[in-house]
Amino acid sequence: MSLIDTVVIGQSSSVELATLGPGTVLCNYMSYVFMFLSVATSNLVATSLAKEDNSEVQHQISTLLFVGLTCGLMMFLFIRFWGEWALTAFYGAKNAHMLSAANTYIQIRGLAWPTVLVGWVYQSAILGMKESWGPLKALALASVINDVGDVVLCLFFNYIIAGAAWATLASHVVAGFMMIESLKDKGYNGYAIAVPPTNELLQIFKLAAPVFMMMMSKVAFYSLLIYFATSMGTQTIAAHQDLIQIYSLFTVWGEPLSQTAQSFMPELIYGAKRSLSMERMLLKSLVIIGASCDLIPGVAGTIVPWLSPKVFSLDTHAIKKMHTVLLPYFIALFVTSSTHSLEGTLLAGRDLRFINVSMTTVFTLGGVLLLLFSNLGFGLPGCWWTLALFQWVKL
């Protein structure tokens with residue numbers, strides 16, 4: 001959805017395209033901090049199903065809905081009262097002219113925070129039941145609503161960045177209600193919310209805390225990329241925004257491998273029919289598929305900004321800056337599917353300490369390298385070479 005926002009806004013204004021950078025940090029990247037909700041839901045639901053206990057499945061969904069709704073309301077309040085302060089810290093004095101548009105964008109998108117996080121719980125619960133058709137229909141319709149809304153509001157009514165925000169908000173709400181209906185079709189109540197007792201909160205915390213730290217490392221690193229790009233001028237921010245959105249689109253190609261591991265492996269590890277030989281066979285298959293698929297998003301994702309850059313921006317200076325970083329961009333994108341398959345396996349096996357330590361170490365090294373490249377004046381290529389190293393070291 002954010003890629004469509006980037007395309008439509010890029011046809012209208014390079015300045016407002018540049019404002020999407022810090023705006024997406026607070027609306028998109030910050031949401032990945034709460035990825036622990038998805039991981040915890042998939043893991044706990046799949047484990048409960050492996051024990052063939054449907055009442056426990058419903059209880060897990062209800063308690064995680066409470067956690068998701070609470071986190072969503074907290075993020076709504078943060079954006080409402082401290083969002084402009086966070087943007088100011090990102091932009092600095094010399095980019096103050098972009099602050100107003102960016103604040104408009106995050107305030108509208110901020111209304112959707114409770115829906116987004118609760119929707120993640122619904123989606124992960126359904127996927128944990130090894131059912132993908134419901135979430136697919138919901139996300140397909142949400143994408144159509146977002147695309148049509150962007151075109152109508154941004155191009156015809158000239159709302160530009162505000163129109164993109166309203167279109168995304170509407171798509172999140174529709175997707176959330178469709179997820180509820182999909183859950184209902186599986187025999188579970190999507191409106192039942194329960195306050196978890198202390199011992200269950202501790203169980204969720206034990207599972208979620210390392211995942212939270214892992215996602216915080218990722219979010220912090222990508223936020224640092226945008227922070228350093230923001231300090232390089234409007235065209236550089238616009239170029240980076242285009243590339244990072246295309247990059248994000250093609251990195252999700254590996255997400256099904258991660259979700260497959262999280263949905264199927266708990267049954268093989270903890271279920272009544274546990275089988276270590278089947279677990280090893282599944283892991284081998286995921287690694288082979290991930291390695292085989294790496295080339296496809298790498299090549300396709302690089303061809304798009306190389307041959308069709310004007311789809312995303314009409315600014316010739318921004319396009320030139322995009323072309324200077326295509327090599328590190330390709331190298332970073334080339335390894336994403338393999339990384340997803342291995343991360344999903346580690347999450348399914350709850351080997352969270354290793355994930356936590358490794359991600360924290362890689363983030364620290366990446367942050368130091370970004371600072372070094374920035375001080376040496378490497379510009380946008382320095383950011384993307386750091387991202388490429390970040391991905392390969394993480395693997």
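Numbers here simply count residues along the sequence, with the first being 1. Remember, predicted model here, so these are calculated numbers, not experimental data.
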* Asked: So M75 and S31, side chain to side chain contact (heavy atoms under 4.5 Å, CB included) or not? Walk me through it.
  -> CA-CA 9 Å; M75 283 305 302; S31 67; over 6 Å; no
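- Residues F221 and L365 fall into different hydrophobic clusters, defined by Ile, Leu, Val, Met, Phe, Trp and Tyr side chains chained together at heavy-atom separations under 4.5 Å.
- L127 is not listed as a side-chain neighbour of E131, based on a closest heavy-atom distance of 4.5 Å or more.
- Remark: S338 pairs with D294 by the side-chain hydrogen bond (donor to acceptor under 3.5 Å, both in side chains) rule, at least two apart or across chains.
- A 6.0 Å sphere centred on OH of Y159 holds no more than 12 heavy atoms belonging to other residues, nucleotides or ligands.
- Nearest heavy-atom pair across G301 and Y329 is O-OH, 2.7 Å.
- Residues passing the side-chain hydrogen bond (donor to acceptor under 3.5 Å, both in side chains) test with W120: none are found, sequence neighbours excluded.
- The closest side-chain heavy-atom distance from P305 to L326 is below 4.5 Å.
- Follow the hydrophobic side-chain contacts under 4.5 Å out from V174 and you never reach V144; the two are in separate clusters.
- The closest donor-acceptor contact from the side chain of N146 to the backbone of A142 lies at 3.5 Å or more, if one exists at all.
- Rounding to the nearest 0.5 Å places CG of N103 at 9.5 Å from CG of L26.
- Rounding to the nearest 0.5 angstrom, the gap separating the CE atom in M129 from the CG atom in N54 is 8.5 Å.
- Once rounded to the nearest 0.5 Å, the distance linking CG of N375 with CG of L370 reads 10.5 Å.
- Minimum interatomic distance between L73 and P114 (heavy atoms only, all atoms of both residues): CD2-CG, 3.9 Å.
- In terms of heavy atoms, P196 sits closest to F66 at CD-CD2, 3.4 Å.
- Using cut-offs of 30° and 60° on the angle between ring planes, the pair W392 and F334 is parallel.
- The side-chain heavy atoms of V304 and F312, taken from C-beta on, include a pair separated by under 4.5 Å.
- When the options W385, W384, F373, F228 are evaluated for a ring pair (Phe, Tyr, Trp, His ring centres under 6.0 Å) with F378, the one that passes is F373.
- Judged as a ring-ring contact (aromatic ring centres under 6.0 Å, His included), and not counting sequence neighbours, F363 has no contacts.
- The distance from the CG atom of L69 to the CE atom of M74 is 12.0 Å, given to the nearest 0.5 Å.
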* Step by step, would you call C71 with F36 a side chain to side chain contact (heavy atoms under 4.5 Å, CB included)? -> CA-CA 11 Å; C71 293; F36 69 85; 4.3 Å; yes
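- Contact record, P381 with T324: CG-OG1, 4.2 Å, taken as the closest heavy-atom pair.
- Across all their heavy atoms, T236 and A229 have their closest contact at CG2-O, 4.0 Å.
- Under the 3.5 Å distance criterion, the side-chain polar atoms of S374 are left unmatched by any main-chain donor or acceptor of L371.
- The distance from the OH atom of Y188 to the OG atom of S55 is 9.0 Å, given to the nearest 0.5 Å.
- Counting only N and O atoms by type, the side chains of S38 and S124 include a donor and acceptor under 3.5 Å apart.
- Checking side-chain atoms of Q107 against main-chain N and O of I79 turns up a donor-acceptor pair under 3.5 Å.
- Between the T104 side chain and the S100 main chain, a donor and an acceptor come within less than 3.5 Å of each other.
- Cluster annotation: L183 and F177 are assigned to the same hydrophobic cluster (Ile/Leu/Val/Met/Phe/Trp/Tyr, side-chain heavy-atom contacts under 4.5 Å, transitive).
- Transitive grouping of hydrophobic side chains (ILVMFWY, heavy atoms separated by less than 4.5 Å) brings L153 and V148 into a common cluster.
- Across all their heavy atoms, Y105 and C27 have their closest contact at CE2-SG, 4.3 Å.
- Between N158 and I160 the shortest side-chain heavy-atom distance falls below 4.5 Å.
- The ring-ring contact (aromatic ring centres under 6.0 Å, His included) search around Y122 returns none, not counting sequence neighbours.
- Side-chain contact between M30 and W113: present, with at least one pair of heavy atoms (C-beta onward) separated by less than 4.5 Å.
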* Let me see the working for L387 and Y222 under side chain to side chain contact (heavy atoms under 4.5 Å, CB included), right down to the final yes or no. => CA-CA 8 Å; L387 176 58; Y222 283 99; 3.7 Å; yes
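- Contact check for V195 versus T63: no side-chain heavy atoms found under the 4.5 Å cut-off.
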* Full working for side chain to side chain contact (heavy atoms under 4.5 Å, CB included) between M215 and M359 -> CA-CA 9 Å; M215 297 312 301; M359 281 301 304; over 6 Å; no
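- Residues L243 and V252 fall within the same hydrophobic cluster, defined by Ile, Leu, Val, Met, Phe, Trp and Tyr side chains chained together at heavy-atom separations under 4.5 Å.
- The shortest distance between side-chain heavy atoms of L139 and Q123 falls below 4.5 Å.
- Taking H340 as the reference, nothing meets the ring-ring contact (aromatic ring centres under 6.0 Å, His included) condition, with sequence neighbours excluded.
- The line from CG of L65 to OG1 of T41 is 8.0 Å long, rounded to the nearest 0.5 Å.
- Formation of a donor-acceptor pair under 3.5 Å by the Q58 side chain with backbone atoms of N189 is found in this model.
- Considering only heavy atoms from C-beta on, H59 comes within 4.5 Å of E200 through its side chain.
- Between the side chain of S182 and the main chain of M178, a donor-acceptor pair closer than 3.5 Å is present.
- Here the side chain of S313 pairs no donor or acceptor atom with the backbone of K310 at under 3.5 angstrom.
- The side-chain hydrogen bond (donor to acceptor under 3.5 Å, both in side chains) check on S48 picks up E56, with sequence neighbours excluded.
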